[in-house]
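Below is one structure, written out as structure tokens; the observations come after it.
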Number of protein chains: 2
Amino acid sequence: MKAETRVDTKEAILSAARSSVQRNGYNALSYRDLAAEIGIKSASVHYHFPAKADLAEALVDRYREDAGKIFQGLADKSYDEAMGGYIALFRSFFDDCNQMCLGGFMSAEITALPEKMTGTVAAFYAAHIEFLRDTLSKKLRGAAAKDLDERAQAIFAALEGAQLIARGRGGDATVFDRIVTSYRATGLIP
Amino acid sequence: MKAETRVDTKEAILSAARSSVQRNGYNALSYRDLAAEIGIKSASVHYHFPAKADLAEALVDRYREDAGKIFQGLADKSYDEAMGGYIALFRSFFDDCNQMCLGGFMSAEITALPEKMTGTVAAFYAAHIEFLRDTLSKKLRGAAAKDLDERAQAIFAALEGAQLIARGRGGDATVFDRIVTSYRATGLIP
DNA sequence: ACCTGAACACCGTTCAAGT
DNA sequence: ACCTGAACACCGTTCAAGT
């Protein structure tokens, strides 16, 4: 089918937009720049995503799905491998132009987004908390479900913060590494 | 003197801009909205701060100075009071329209700012690390200076992350509180 | 010294018009 | 179904002109 051989415009928009937002944030994303990169006009981007908020919502949904696949791949691994893989995920952002987690950007720029996006961002958080809870349960066997949830949320927040601060330091991955080492040494990350 | 009785325009710009940036970020700040709020024209804002980046730099510098004054007020307190006061500072952002730390926003939006701002943001970080290092030294008496620095950086990053995630949850201060409780319980914050 | 109106090239968004 | 040119009200920035 033709539709499979040619590059799908909607997919091309999502891909380029995701890269741009992870580099510069949602407010800095330009429909005209995006269109130019793909080779269409900005009005065409509006055909697929009427408003910027629609594009943002699609981006976060897709982003959460992709994270879910990675989490699935780590699900049957040991605690050390699963937690190590999860942390490596956060670290990988620095390999490509000091990018940042989409969820972190959406939290910062949440006021620029419609109310509806609150639920979209919450769903993204929930996916992370769920993975971390399951992973932590491998290590902290006797722990209550509520305690695992609290710990998962704390580790997620701490890693987002480590990424944010390392980004502010020019995308220095060793800053991220040293902070994570402290998280492990103090016992936040078991 | 007249200059003392009337409200200084430059000060009014800085004050309004700070509030706006802490709510919505740097990219969302509008010179025209800012001018309208103060009662001048946007071209007048450019007279005081030629480019938005100049305003951002002045904001972060002022912000760091204000933080320094608060740190001084906590300097001669006990460890518990100093650390408690520091954490209360982060929590206070939620009391007023889900604001965020200026440093956190600048880290996220660092790509929208000129290279020069890297040093400005770094100076802001350094002020926090210094305060935390001095505070931690009250509790961890025998610790090496390097270890205190690492721990200070980790706590700072973790608190920025807690604020970011609670902001993404609609500015729920109890989310921030629960995360901080985990930081304390696990030993990241002694 | 401080402010302004007008212009510039940008921006998201809309819509009638094309294929 | 998908794309586009043109228009709209916005944006940061510049500058000659005002006081």
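Just so it is clear, the model here is predicted, and its values are computed rather than measured. Convention: sequence-line order gives letters A, B, ...; per-chain numbering from 1.
At dT4(D), one or more side-chain N or O atoms of Ser44(A) fall inside 4.0 Å of OP1 or OP2 (strictly under the cut-off). Residue Thr9(B) places at least one side-chain N or O under 4.0 Å from the OP1 or OP2 atom of dC3(C). Close to dC2(C), at under 4.0 Å from its OP1 or OP2, lies a side-chain N or O of Tyr47(B).
With Arg151(B) as reference, Ile155(B) is the one residue of Ile155(B), Asp147(B), Asp149(B) to meet the side-chain contact (heavy atoms from CB on, under 4.5 Å) rule.
Side-chain N/O atoms of Arg178(B) and Ser182(B) include no donor and acceptor closer than 3.5 Å.
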All N/O pairs under 3.5 Å across the protein-nucleotides 14-19 of chain D interface:
none

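For the pair Lys10(A) NZ and dC3(D) C1', the interatomic distance rounds to 15 Å; values are reported in whole Å.
More than 12 heavy atoms of other residues, nucleotides or ligands shown are found within 6.0 angstrom of NZ on Lys138(A).
Of the candidates dC11(C), dG5(D), dG12(C), dC11(C) carries the atom nearest the Asp33(A) side chain, counting heavy atoms from C-beta on. Counting only heavy atoms from C-beta on, Lys41(B) has its side chain closest to dG5(C) among dG5(C), dT4(D), dT13(D).
The aromatic rings of Phe94(B) and Phe176(B) sit tilted relative to each other, their planes meeting at an angle between 30° and 60°.
Mapped onto DNA chain D by nearest heavy atom, Lys52(B) and Arg32(A) fall at different nucleotides, with Arg32(A) at the one closer to the 5' end.
When heavy atoms are screened at a 4.0 angstrom cut-off, Leu55(A) is found touching no nucleic acid atom at all.
Rounded to the nearest 0.5 angstrom, Leu164(A) CG and Gln163(B) CD are separated by 10.0 Å.
Both distances falling under 3.5 Å, in either a Watson-Crick or a G-U wobble arrangement, place dA7(D) opposite dT13(C). Shown here, dT19(C) forms a base pair with dA1(D); the pair counts as Watson-Crick or G-U wobble because both key distances fall under 3.5 Å.
Using a 4.0 Å cut-off between charged side-chain N and carboxylate O, Arg169(B) and Asp172(B) make no salt bridge.
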